[in-house]
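Counting starts at 1 for both ligands and their atoms, following the listed order. All heavy atoms count here, side chains included; hydrogens, waters and symmetry mates do not.
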Amino acid sequence: MFAYGLSVRYGRSIAVSLQRFQELSHSGRAMSSAAKVLPQYQQFLDEAKLIRQKAYINGKWNDACDGATFEVRNPATGDRITSVADCSAKDVHQAINAAQKAFKTWRDTTAKERSVILRRWADLMTKHQKELAMILTAENGKPLAEAEAEVASGASFFEWYSEEARHITGDIINAPFKDRQFFVIKEPVGVAAMITPWNFPSSMLARKVSAALAAGCTCVMKPASETPLSALALVQLGEEAGVPPGVLNIVTGTNAAEIGKILCESPLIAKISFTGSTNVGKLLIQQSASTVKRMSMELGGHAPFIVFNSADIKAAAEAALFSKFRASGQTCVCANRILVQDKIYDAFADQLAELIDKKLRVGNGFESGTTQGPLISKKAIDKVAKHVEDALQRGGKLLSGGQKHPAGEQFFAPTLIRDVPTDALICNEETFGPVAPLVRFAEEDEAVAIANSVRVGLAGYFYSQDVAQIWRVAKRLEVGMVGANTAMISSVEAPFGGVKESGMGREGSRYGLDDYLNIKYICLGGL
Ligand code: ADP
């Protein structure tokens, strides 16, 4: 899914500590308890050069103005990894001012200059892929292989936008007057504020900051407090890549509401780019109304995954497994409702149950072979348990899982429930966990109506071998992204984004630059 050419060359000291780490974690083999992994990765984290604890403002690593810090914990074990600056209003204003000042020179750099820096940043991410992945697994819990893929995906955004930076062009429009000529040029919008989530703490930031810098914008970033370390490590590499002081600023903190409000209401910020929940997205739109900002919103989804009678059942079941259980179901594009047509319903249910049993392994993300890490918080576990209980109360039948997993407090067993009615909570609210509900349908129209019945529309998937049906359904699904006979839709070349309450704007692809550019029309007269 994340194809990216990787040539990993480590500095000697990191190579030694990584090798040691790997030996240790493999010697621990039967690590059924998540806690047993701690000493091994703690040693790695102690030696990791990319672990940063401070905010980065105007080219300097600073403590929070009031010296406050907060703890970052590993969701697999609950153990403290480190403590990080807990920024408040004063820090945020300093970051905004630095970004505003730097914009005056950064916007006038040539596209080639920006491109060279972005390319170096991509290469540095690739060079440090393993270390970045370990930091990511430590703070987010996802399996190391998934973390490595995420870092590769993040690097690919820097690579892509290093190229796109040089393709920002304008237009010459023929005027209907002999004495005038019309031109269209594109200019960076200004200072962009970025608020990012914990589920892809590395690649979401990379996707935003690479496009912003390519366009000539400067940034103030606020990562999720659960996972600030991946973002800080990226900024460290950005500094090494040669991003000038003030162009990149990052404030970490637990008071997201306060930081978010300042960013939204500041007249010095021209744009908010947010990835997170629909509720917070709506709040940020409201708060930004008084200063009429450009908004990019990547909000929640509730992806339908439809399997029609003509589908290749095996391929569909494998894709459903990938889509539903990657990152333990904590992705905004993951299948939230699996709709299966009558004739193949039982066969599909059996295949998916078998795959869950055979292919998924719950455990610490550092253990080799783990496919299912922990959920991010106890609150997330409670929500998943509530969705399962509700679906079963309404007549759903449990085929796999259904309860917490013994690997630790924040682990939930991969769960499959069949015969779930469409009024169940899970069919209407985003679950963000490893639960696959199967819903039966008879006709195509019925499936499309169920798919479109929610207020969000990010991704939608379906399996069918009927060409006319493929085109019809792809057009009728009210989503921003369709996977027809595939669930692997993410790629730097393709536009990512949703419709309805899943948000506005697109990230990645050539369209992703538009969100950071203003169009200016120049009418040259007196000719
Ligand atoms: P989730 O529920 O998945 O954590 P959120 O939307 O709450 O999703 O979080 C996404 C990002 O938004 C995180 O960086 C979080 O700190 C931030 N955030 C949460 N609440 C607010 C808020 N009121 N204003 C601004 N940012 C917020």
Asker: What residue pairs, at least two apart or across chains, pass salt bridge (Lys or Arg N to Asp or Glu O under 4.0 Å) with a residue in residues 55-69?
Answerer: Lys54-Asp63

Asker: Exactly one of Lys386, His302, His387, Lys383 should register a side-chain hydrogen bond (donor to acceptor under 3.5 Å, both in side chains) with Glu429. Which one does?
Answerer: His387

Asker: Do we see a donor-acceptor contact under 3.5 Å between the side chains of Ser491 and Glu493?
Answerer: yes

Asker: Can you check whether Asn452's main-chain N or O pairs, donor with acceptor, with Lys500's side chain at less than 3.5 Å?
Answerer: yes

Asker: Let's go through Glu501 and Lys282 carefully: what are the C-alpha distance in whole Å and the side-chain angles of both, what is the deciding distance for salt bridge (charged side-chain N to carboxylate O under 4.0 Å, His left out) to 0.1 Å, and is it a yes or a no?
Answerer: CA-CA 9 Å; Glu501 292 184 17; Lys282 287 179 182 174; 2.9 Å; yes

Asker: Considering only heavy atoms, which protein residues lie less than 4.0 Å from any atom of ligand 1?
Answerer: Ile195, Thr196, Trp198, Lys222, Pro223, Ala224, Ala256, Ala257, Gly260, Phe274, Thr275, Gly276, Ser277, Val280, Leu283, Leu284

Asker: Establish, from distance only, whether the side-chain atoms of Ser230 and Glu139 form a donor-acceptor pair under 3.5 Å.
Answerer: yes

